[in-house]
Amino acid sequence: MNKQVIVRFAPSPTGYLHIGGARTAIFNWLYAQKTGGKLVLRIEDTDVERSTEESIKGIIEGLKWLGISWDEGPYFQSQFIEDHKAAAQRLLESGHAYRCFCTKEVLEQKREEAYKKKTDVQYDGTCRKLPKEEVEKNIEKGLPFTIRLKVPEGNGAVRFSDIVYGDIEKKYRDIEDFVILRSNGQPLYVLSNAVDDIRDGITHIIRGQDGLANTPKQILIYQALGVPLPKFAHMPLTLDSKKAKISKRKHGEIVAVHFYREHGFLPWALVNFLALLGWSTVDSRQIFSKEELLDAFSLEGVNRSNSVFEIRRDDPKFFTDPKALAINSHYIKTLPLEELAPYVKIELEKAKIWDEAYETEKRDWYLQTLDLIRSRYHVTTDFITLGRAYFSDDYDLDPKALEKNVLKHEDLKEWLPLIAERLDKLDEYSLEETERVIREVAEELTVKPGVLINGIRTVVTGQAVGPGLFDVLMAIGRDRVVARLRKTPILWGQVYS
RNA sequence: GUCCCCAUCGUCUAGUCCGGUCCAGGACACAGGCCUUUCACGCCUGCGACAGGGGUUCAAAUCCCCUUGGGGACGCCA
């Protein structure tokens, strides 16, 4: 019988959740869900200097927003420091580790020299060779010491098979005797992480490829502690357009999960996009519902080469990775309206133009209107910018549209109010009737219908582009349409004032 | 400098393990067309890649070697 899979997401709370971290969380979550296993959330907050309460909150909110649920935790690494210390003590007693009395300064100096001479920068093992008496003396003198793990000597190597990267081998002599406990008695990440993973019963460590390099060290710790190894699966990294690792420091908000939340992304669209960074199916499918993704996902489908997250920060058309946007807009135009509605509600509320009636007597109108305008939108915020005129009388007219479709035709100053009157008097305000009247007026005035149509669209919606005009007239409704058209002459006034 | 990893269209990728069906497939982006009162959507078409060089083989994107390029790790950070 196979043991239940237990994976973990272990972020350090030193900033917001970024897309790299989110992706790691997503892969862990997918694997847990897929295998009927558990996902443990563990906050690695042992770097007191940089860890913040706010960051912890942000990470948890980010995960929740994405829809990533965990089964255990959040645990906090800082609560288990005694465990880590005890483990170091045990390693010391079992002879798998030793005290190192070398001072920071000396080591720093040696490292610098090594860099200068362009040789290996490994710790030279000075204290490993220290005779027992010497050690005793130093302890008596109260000299501060760190604890280092004794890496086996000889021509052997640490070998393991990474689920993604395959067989990896790292020779013992390429691994230095690394520090596991600081001179102030505090444990280091390599130790804490391994000890926590052991305690939490982690069976699969799924993390970024940047963790690949210290996997041999952690394996050495597992072995020294005499516990069985978990399986490892390293994910390729996400780089920027210049091929540098994505980082909060370098890229700022554009790589933060909350940035996408604030810029009109649907959480599942982001998950879908992120899942495709480094993972794919043999048929290169792009769109996955949650069920489909769980069904299709496997660690074997993860590739080994790093992928580029194509930030288009200053591109007016994209502002971020075009593919991310394409996936988001795909969901905006295809999601069942009932599912889309709540996301648009959030935006309308933020803009203070939400009407409670959209959930009661105006619900049909609300859903129909979303359906009418959504094919042009890429982010949910478009509903309150480009689509604002459908929900509020307080909307701006796009200057370019105004110039091209209204101001250019001086006569519209009289024509549009005239149309307002005709629409107002209509017995039946319908798709057919409004179209009939407007075409009739065009004929009377001997102008092309397009001039009137485009003019009306611009005045009524503030946009040069949009759905078919008569649908627009229905969506906005007679009263608002008439009122807006009557005010047309003001537009000229505004220009000259 | 040392060690580890990677290498297919601009980007995400399929194909690589088990060589032939690949003069390399899909998606995004881009260009053009159809549709149309506008702009989208949708549909159609196009542009566009096996990093380079050596092997092995009847046959290589696929296997081997070298070069080049890229990334990551080398902390008493996590």
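Keep in mind it's a predicted model, so treat the numbers as computed, not measured. Letters A, B, ... are given to chains in the order of the sequence lines, protein chains preceding strands, and every chain is numbered from 1.
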- request: Let me know which of A/K170, A/R159, A/E169 forms a side-chain contact (heavy atoms from CB on, under 4.5 Å) with A/P216.
  value: A/K170

- request: Determine the contact category for A/D210: base if any of its heavy atoms lies under 4.0 Å from a base atom, sugar-phosphate if only primed atoms, P, OP1 or OP2 are that close, otherwise nothing.
  value: sugar-phosphate

field: Nucleotide nearest A/R376 (side chain, heavy atoms from C-beta), chosen from B/A40, B/A29, B/U13
entry: B/A40

task: From the options B/C76, B/C28, B/A7, select the nucleotide whose nearest atom is closest to the side chain of A/S305.
output: B/A7

task: From the options A/I206, A/I205, A/D200, select the one residue that forms a side-chain contact (heavy atoms from CB on, under 4.5 Å) with A/V7.
output: A/I206

message: Taking any heavy-atom pair under 4.0 Å as a contact, classify A/A326: base, sugar-phosphate, or nothing.
response: sugar-phosphate

statement: A/F309 atom CZ is separated from B/G70 atom P, nearest whole Å, by 23 Å

query: A/H263 vs A/F319 aromatic rings, parallel, tilted or perpendicular, using cut-offs 30° and 60°?
result: tilted

field: Watson-Crick/G-U partner (both atom distances under 3.5 Å) of B/G1
entry: B/C74

task: Under 4.0 Å between any heavy atoms, over every strand shown, what does A/Q463 touch: base, sugar-phosphate, or nothing? Just pick one.
output: nothing

- prompt: Aromatic ring centroids of A/F273 and A/W279 under 6.0 Å?
  reply: no

field: Selection from B/C28, B/C12, B/C76 that lies nearest to any side-chain heavy atom of A/R148
entry: B/C76

- prompt: Taking atom C1' in both B/C50 and B/C3, what distance in whole Å separates the two?
  reply: 29 Å

- prompt: Is the shortest heavy-atom distance from the side chain of A/V135 to the side chain of A/F145 under 4.5 Å?
  reply: no

- prompt: NA contact type, A/F318, heavy-atom cut-off 4.0 Å: base, sugar-phosphate, or nothing?
  reply: sugar-phosphate

- request: Could you check how far CD1 of A/I287 sits from P of B/U13, rounded to whole Å?
  value: 15 Å

message: For a quick check of understanding: with a heavy-atom distance under 4.0 Å over all strands, which category does A/L469 fall into, base, sugar-phosphate or nothing?
response: base

- prompt: Which part of the nucleic acid, if any, lies within contact of A/P449, taking any heavy atom under 4.0 Å across all strands shown: a base, the sugar-phosphate backbone alone, or nothing?
  reply: nothing

field: Any-strand Watson-Crick or G-U partner of B/U62, both distances under 3.5 Å
entry: none

message: Using a 4.0 Å heavy-atom cut-off, does A/S51 contact any base of the nucleic acid, only the sugar-phosphate backbone, or nothing at all?
response: nothing

- prompt: For the base of B/C76, is there a side-chain donor-acceptor partner from A/K104 under 3.5 Å away?
  reply: no

message: Base, sugar-phosphate or nothing for A/Q77? Non-hydrogen atoms, less than 4.0 Å.
response: sugar-phosphate

Within-4.5 Å side-chain heavy-atom neighbours: A/R90 and A/K85: no

- request: Identify whether the distance between the nearest side-chain nitrogen and carboxylate oxygen of A/E440 and A/R422 falls below 4.0 Å.
  value: yes

P-based separation of B/C35 from B/G52 [nearest Å]: 43 Å

query: Using purine N1 to pyrimidine N3 plus N6-O4 or O6-N4 for Watson-Crick, or N1-O2 and O6-N3 for G-U wobble, each under 3.5 Å, what pairs with B/C35?
result: none

- request: Name the nucleic acid region contacted by A/P467, choosing base, sugar-phosphate or nothing; use a 4.0 angstrom heavy-atom cut-off, strictly under.
  value: base

field: For atom CD of A/E310 and atom P of B/C9, their distance in whole Å
entry: 13 Å

- prompt: Which whole number of Å gives the distance between the C1' atom of B/C6 and that of B/U67?
  reply: 16 Å

query: When rounded to the nearest Å, what value does the distance between P atoms of B/U56 and B/G15 take?
result: 29 Å

- prompt: Base, sugar-phosphate alone, or nothing: which one does A/N303 contact when heavy atoms must sit under 4.0 Å apart?
  reply: sugar-phosphate

task: For A/Q286, report the nucleic acid contact type (base, sugar-phosphate, nothing); a contact means any heavy atom under 4.0 Å.
output: base

task: Using the C1' atom on both, measure B/C39 against B/C34 and round to a whole Å.
output: 16 Å

- prompt: For the side chain of A/R182 and the backbone of A/P187, is there at least one donor-acceptor N/O pair under 3.5 Å apart?
  reply: yes

- request: Check if the side chain of A/R50 and the base of B/C77 share a donor-acceptor pair of N or O atoms closer than 3.5 Å.
  value: yes

Base B/A40 to side chain A/S375, donor-acceptor N/O within 3.5 Å cut-off: yes

query: So what does A/Q186 touch, heavy atoms closer than 4.0 Å: a base, only the sugar-phosphate, or nothing?
result: nothing

- prompt: If you find the nucleotide of RNA chain B closest to A/F145 and the one closest to A/K245, which residue's nucleotide is nearer the 5' end?
  reply: A/K245

task: Identify whether any heavy atom of A/S280 sits under 4.0 Å from a base atom; if not, whether one sits that close to sugar-phosphate; answer base, sugar-phosphate or nothing.
output: sugar-phosphate

Pairing of A/D283 and A/R285 as salt bridge, 4.0 angstrom limit: yes

task: Rounded to whole angstrom, note down the C1' distance from B/G25 over to B/G48.
output: 14 Å

- request: When you get a sec, tell me which of B/C41, B/U38, B/C4 is the closest nucleotide to the side chain of A/I168?
  value: B/C4

field: Base-pairing mate for B/G69 - Watson-Crick or G-U, with both contacts under 3.5 Å
entry: B/C6

- request: Starting at atom NZ of A/K323, determine the distance to atom P of B/A27, rounded to an integer number of angstrom.
  value: 9 Å

- line: From CG of A/D162 across to P of B/G72 the rounded distance in Å is 18 Å

Atom pair distance, as rounded to whole Å: CG in A/L372 and P in B/C41: 16 Å

- line: The residue, A/K217 or A/R304, whose nearest nucleotide of RNA chain B is more 5′ is A/R304

query: Whole Å only: how far is the CG atom of A/D174 from the P atom of B/C74?
result: 15 Å

query: Side-chain donor or acceptor of A/S307 under 3.5 Å from a matching atom on the base of B/C12?
result: no

Sugar-phosphate, base or nothing in reach of A/T281, heavy atoms under 4.0 Å: sugar-phosphate

message: Let's test this: given Watson-Crick or G-U wobble pairing with both distances under 3.5 Å, identify the partner of B/G48.
response: none

message: What's the closest nucleotide to the side chain of A/V282 if the choices are B/C76, B/C28, B/G15?
response: B/G15

Closest to the A/R182 side chain, choosing from B/U38, B/A78, B/G71: B/A78

query: Using the C1' atom in both, what is the distance from B/U13 to B/C22, to the nearest Å?
result: 16 Å

task: Counting Watson-Crick and G-U wobble pairs only, both distances under 3.5 Å, name the nucleotide matched with B/A27, or none.
output: B/U11

